[in-house]
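First up is the structure itself, then whatever we jot down about it.
What you see below is based on every heavy atom in this structure, not just the backbone, and it leaves out hydrogens, waters and symmetry mates. Note that the structure is predicted; figures quoted are calculated from it, not measured.
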Amino acid sequence: MTQTPKKIAIIGSGLVGSLLAIYLRKLGHKITVYDRRPDIRNVEFSGRSINLAMSNRGWTALREVGIENEVKEIAIPLDKRAIHVEGQPEYYQKYGKEGEAIWSISRGILNRRMIDLAEEAGVVFRFEEKVWDVNLPEGKIYTGATEKGKWKEYLYDIVFGCDGAFSRVRHKMQRRSRFNYFQEFIDVGYKELTIPANEDGTHKLDKHSFHIWPRGKFMFIAMPNMDGSFTCTLFLPFEGEVSFEKINTKEEAKRFFNTYFPDVTPVIEDLTTDFFNNPTSALVTIKCYPWTYWDKVALVGDSAHAIVPFYGQGMNAGFEDIYALNKIIAKYGDDWEQIFSTYQTERKPNADAIAELSYRNFVEMSSMTADPNFILQKKIEKRFAKKYPDKWVPAYSRVTFSNKPYVEALANGDAQEEIMKQIMQIPNIEEIWESEEIDQKILSLLSEKEKYEVLEKQKPSF
């Protein structure tokens with residue numbers, strides 16, 4: 001459908017801002033995107049990126065607006081985790097059912113492609129033009145070279161804040177009465193590193209795996225690129241016995257990698273060079289509410305709900321914001337106040353749920369993927385899910401390979417974890433995990449859970 005054309009400003013030319021611009025342009029609106037940074041198509045990448053893991057929610061949003069195939073051209077499917085445990089051969093964990101995969105994409109390359117596609121749709125980009133202030137009731141934005149210098153004023157019907165975790169648009173909204181805001185940094189930072197391609201351009205590691213080196217309180221990951229390289233990320237505490245603060249020389253960096261990641265020593269020169277060339281970045285969770293102001297201003301993506309990257313859902317959640325917003329627009333037409341109200345009411349609980357899931361997944365990836373009990377538990381869950389697919393959908397599959405609400409994934413995951421705690425306490429579970437006895441015990445516990453839920457619903461409310 002088309003709406004009555006509006007003059008709309010989008011603040012931020014990242015992935016979410018670019019995709020939102022494409023959606024709104026296809027609805028007939030006049031779109032201008034502002035970004036304080038230079039055009040990413042003309043600059044080298046910063047060394048602050050973690051490769052993206054596109055999954056169902058992201059693909060659904062791209063498919064809806066007709067650009068899925070263009071993006072798949074620059075992505076590599078990963079159907080499994082490759083776990084590199086100390087002192088043991090690497091082993092593989094399939095992500096889901098046959099044919100299910102996440103897709104590795106370079107953030108910078110995808111962002112360049114999205115801006116190109118937005119410009120082809122008729123979107124105007126204004127790079128190196130920083131927004132310093134927003135007049136929320138009137139839809140005015142103010143840009144300038146410096147905060148104290150002379151500003152230009154622009155009037156818009158609607159302003160969207162897609163300017164990331166430290167959003168200038170949200171900062172202005174925070175100064176309004178009854179705006180709730182929460183921010184939390186974890187004590188783990190990250191640094192981008194690179195494993196280069198072989199001389200013939202092939203990958204040094206399996207190219208269809210998400211590689212993880214779990215080491216308890218820290219970990220190393222690697223995701224493949226189209227050119228044969230891997231974008232790697234070291235997640236490490238800022239302070240402590242093993243931490244960024246303890247690695248200050250190239251020799252200390254080499255010793256660190258030789259000690260904890262000995263199977264990457266063939267490329268240790270590249271890793272240690274990157275270690276000191278690239279910045280150490282922080283990881284933050286941000287929650288806020290409301291996300292909108294009247295029918296004038298709305299936050300989308302990280303500006304509304306920044307999350308840590310350990311479920312690979314940051315981009316996917318932001319893209320799903322846009323997909324959901326588009327469906328709400330189709331329902332309410334030109335009633336932007338109702339559109340914004342419905343959008344924030346629908347999306348806020350799901351944003352909170354994926355924030356919680358993302359934090360928990362760091363614990364799983366860094367500590368538990370190397371734990372024998374955890375590995376056995378996942379084997380039991382996978383076997384049961386394959387045998388009873390209508391009874392058990394793992395939380396990871398529900399998040400990554402479906403479009404079911406994140407709140408459902410969190411609630412179901414918690415219920416499944418309670419069941420599996422009981423299963424893992426069964427004597428000799430290591431010997432009998434593939435037996436009919438275990439299947440029947442899980443079915444019994446699921447039945448008890450369903451009966452309890454029915455009784456809870458039947459209780460009178462006062």
The single option from Phe220, Phe310, Phe244 that satisfies ring pair (Phe, Tyr, Trp, His ring centres under 6.0 Å) with Phe235 is Phe310
Side chain to side chain contact (heavy atoms under 4.5 Å, CB included) assessment of Phe257 paired with Thr272: CA-CA 9 Å; Phe257 284 106; Thr272 53; 4.2 Å; yes
Listed once per pair and sorted, the ring-ring contact (aromatic ring centres under 6.0 Å, His included) pairs that draw on residues 96-124, sequence neighbours left out: Trp59-Trp103
Step through the shown structure and confirm whether more than 12 heavy atoms of other residues, nucleotides or ligands are within 6.0 Å of CD on Glu98. no
Walk me through whether Thr233 and Glu192 qualify under side chain to side chain donor-acceptor pair (under 3.5 Å). CA-CA 5 Å; Thr233 311; Glu192 181 189 315; over 6 Å; no
Please lay out, stage by stage, how Tyr406 and Gln313 fare under the test side chain to side chain donor-acceptor pair (under 3.5 Å). CA-CA 10 Å; Tyr406 288 127; Gln313 287 295 303; 2.6 Å; yes
Ring-ring centroid check Phe261 Phe256, cutoff 6.0 Å: yes
What do you reckon, is NZ of Lys130 surrounded by more than 12 foreign heavy atoms closer than 6.0 Å? yes
Stepwise side chain to side chain donor-acceptor pair (under 3.5 Å) check, Gln338 with Thr342: CA-CA 6 Å; Gln338 184 63 54; Thr342 304; 2.9 Å; yes
Can you confirm whether more than 12 heavy atoms, excluding those of Lys94, are under 6.0 Å from its NZ atom? yes
Residue set satisfying side chain to side chain contact (heavy atoms under 4.5 Å, CB included) with Asn225, at least two apart, ordered chain then number -> Asn51, Ser106, Asp227, Ser229, Thr231
Do the ring centers of Tyr311 and Tyr359 come within less than 6.0 Å of each other? no
For Tyr396 and Tyr95, I'd like to know if the aromatic rings sit close, meaning centre-to-centre distance below 6.0 Å. yes
Side-chain H-bond candidate by donor/acceptor type, Asp157 with His29, under 3.5 Å: no
Throw together a table of side-chain donor-acceptor distances under 3.5 angstrom for residues 133-146, partners on residues two or more places apart or in other chains.
from   : atom 1 : to     : atom 2 : distance (Å)
Asp133 : OD1    : Lys172 : NZ     : 3.4
Asn135 : OD1    : Glu138 : N      : 3.1
Glu138 : OE1    : Lys140 : NZ     : 2.9
Tyr142 : OH     : Glu153 : OE1    : 3.2
Thr143 : OG1    : Glu129 : OE2    : 2.7
Thr146 : OG1    : Gly149 : N      : 2.9

CD1/Ile105 to CE/Met226 distance, rounded to the nearest 0.5 angstrom? 10.0 Å
Taking atom CZ of Arg360 as the centre, does the number of heavy atoms from other residues, nucleotides or ligands within less than 6.0 Å exceed 12? yes
Give a yes or no on whether Lys97 atom NZ has more than 12 heavy-atom contacts from other residues, nucleotides or ligands under 6.0 Å away. no
For the rings on Phe340 and Phe160, is their centre-to-centre separation under 6.0 Å? yes
Check: Tyr34 ring centre within less than 6.0 Å of Tyr154 ring centre: yes
Ring centroids only, cut at 6.0 angstrom: are Tyr260 and Phe218 within range, meaning strictly under it? yes
Test side chain to side chain contact (heavy atoms under 4.5 Å, CB included) on Arg113 and Ile67 and set out the steps. CA-CA 10 Å; Arg113 180 65 62 93; Ile67 61 173; over 6 Å; no
Just checking Lys287: does its NZ atom have more than 12 heavy atoms from other residues, nucleotides or ligands closer to it than 6.0 angstrom? yes
